[in-house]
Amino acid sequence: MSRRSGQNGCIQEDGNWYVVRFWKDVAGQENRQRVRERICPISGPGKLSASERKRKAKEIIAASGADAVEHFETVVRSNHGITFREQALVWLEQMKNRKRKPVAPSTLLTWECCLENWLNPNIGHMPLDNIKNLALKNLGIKMVKGGLGESAIRGYTNVVKMVVASAVNEEGEELYPRKWNHSFIDLPRISNPKQPFFKGEVVTRIVAGARKEKYKLFFALSGGTGLRFGEALGIKVQDISPDCSTIKIVQKAWGSQIHNFLKTDSGSREIDLCPALASMLKGYLAKREGALKSDLLFQSKSGKPLHQSNVLRRTLHPILEKLNELKCGCHAFRRFRITHLRKKGVPEDLIHFWLGHAGKSVTDHYSKLKDDLEFRKEVTVRAGLGFELSSQKSVVGLNGPKIETEALQEMAVSA
């Protein structure tokens, strides 16, 4: 751009006129074009002095836009072809430093993997100006042939759209505005998304099948509250009420890090535990002698948060395999909890509050049931867990205890 700014032009005589010649970038051409514009007549009415001709020549060049940043962005960069891969790096950096609606590190990691594995290998070399409906259609065909699911394809094409839209001029206006024709692009619809959920008896056996007490409690909390795994792994002891009937959710764990923000604004909330689950939590804390209020409820020996992937890979998935159940993730517990609460007729705004979902209407925001702790506890007791908790000294196997050293004590059974 520095080579294209501050032109004075060359003033010459051309017939009966003084003209100014200067360089101007032209869309579709690699090299700049030499153009000329009339300044004034050489003689007669309208003739200008030498200094006036120089001043008017500069005005003509400025009015043409030849030296403008906007002209450089829309023409020069298009001609020289800033590629999708180059703009994707700029976009990622913008997302990492965005102050308005900061992006979670897990989302950034997903986008980086998406770019590395699919987008850059297929369209990374293409000039950004060429990323249009046909390019997106061809990319979609490749992703379908590659075996990606409908949800993944939709997510990856959205990344393409965001990268293209991120190229802006100094006024924040898009350099490559697009009107995406979804009928032409013809991506597969997300018609029947896979959303596995557990039944109550499966949750009972998952809790019983966990060999360590912390995992028993972890799965019981997941099924009995509908917490996201990251939220459960981020619970501090100080956020638990003295009677263990209420837990404040104010942070989450991701990898070995603690994030002091949640997935949404509605994620900051209190969850209520039924007496059976509160008793289990209280007993677990009693065994943790010397636990500090700053300690995490679930942590490694070094005091760091447990990794969600390790919980799934080392504990939950092996249990599900022995139970001949479909391998699935943490949201199966959330879907179980929502289904159970609805069966019990729990008010929708309480379900939204406990699960960390935003209200869908103005009426939901007007309702203040979430502020009525006594009513919340009453509903929690009435709803119950929907699965059983058992207490015994011997390790509970996936098909029940091999040797019973204590009578099974049912602490919570759905009505």
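Hydrogens, waters and symmetry mates are skipped; everything else that's a heavy atom, side chains included, is used.
Side chains of E37 and S64: no donor on one and acceptor on the other come within 3.5 Å.
Pairing each heavy atom of L369 with each of P347, the nearest pair is CD1-CB, 3.9 Å. Closest heavy-atom contact between A220 and F387: O-CZ, 3.6 Å.
For CD of E174, the number of neighbouring non-hydrogen atoms (other residues, nucleotides, ligands) closer than 6.0 Å is greater than 12. The 12-atom threshold is not exceeded at NZ of K54, counting heavy atoms of other residues, nucleotides or ligands nearer than 6.0 Å. Under a cut-off of 6.0 angstrom, the local environment of CD in E325 is crowded, with over 12 non-hydrogen atoms contributed by other residues, nucleotides or ligands.
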message: Between I319 and T315, is the side chain to side chain contact (heavy atoms under 4.5 Å, CB included) condition met? List the steps.
response: CA-CA 6 Å; I319 292 175; T315 307; 4.1 Å; yes
message: side chain to side chain contact (heavy atoms under 4.5 Å, CB included), that's the test. Do F219 and V203 meet it? Break it down for me.
response: CA-CA 8 Å; F219 295 139; V203 179; over 6 Å; no
task: Evaluate the criterion side chain to side chain contact (heavy atoms under 4.5 Å, CB included) for residue pair I11 and V19; output intermediate values, then yes/no.
output: CA-CA 6 Å; I11 298 175; V19 298; over 6 Å; no
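In terms of the salt bridge (Lys or Arg N to Asp or Glu O under 4.0 Å) criterion, K161 has no residue partners (sequence neighbours excluded). Remark: E93 pairs with N97 by the side-chain hydrogen bond (donor to acceptor under 3.5 Å, both in side chains) rule, at least two apart or across chains. Take R314 and apply the side-chain hydrogen bond (donor to acceptor under 3.5 Å, both in side chains) test, not counting sequence neighbours, and it matches no residue. With sequence neighbours excluded, the residues satisfying side-chain hydrogen bond (donor to acceptor under 3.5 Å, both in side chains) with S302 are S300. With sequence neighbours left out, E378 forms a salt bridge (Lys or Arg N to Asp or Glu O under 4.0 Å) with R382. Applying the ring-ring contact (aromatic ring centres under 6.0 Å, His included) rule to F261 yields the partners H259; only residues at least two apart in sequence or on another chain are considered. A search for side-chain contact (heavy atoms from CB on, under 4.5 Å) contacts involving F184 returns N133, L134, K137, N181, not counting sequence neighbours. Applying the side-chain contact (heavy atoms from CB on, under 4.5 Å) criterion to L373, with sequence neighbours excluded, gives T246, D272, R376, K377. Under the side-chain contact (heavy atoms from CB on, under 4.5 Å) criterion, Q308 pairs with F229, L233, L312, C330, sequence neighbours left out. A search for side-chain contact (heavy atoms from CB on, under 4.5 Å) contacts involving E116 returns nothing, not counting sequence neighbours. Residues passing the ring-ring contact (aromatic ring centres under 6.0 Å, His included) test with F298 are F218, sequence neighbours excluded. For K304, there are no side-chain hydrogen bond (donor to acceptor under 3.5 Å, both in side chains) partners at least two apart in sequence or on another chain.
Between L187 atom CG and N158 atom CG the span is 9.0 Å, to the nearest 0.5 Å. For the atom pair CG (L297) and CG (D239), the distance works out to 10.0 Å, reported to the nearest 0.5 Å.
Residues L128 and V164 form a side-chain contact, since some pair of their non-hydrogen atoms from C-beta on lies under 4.5 Å apart.
Salt bridge E348/R342: present, at least one basic N to carboxylate O contact under 4.0 Å.
Taking the centre and axis of the six-membered ring of W354, the NZ or CZ atom of R269 falls outside the cone set by 45° and 6.0 Å.
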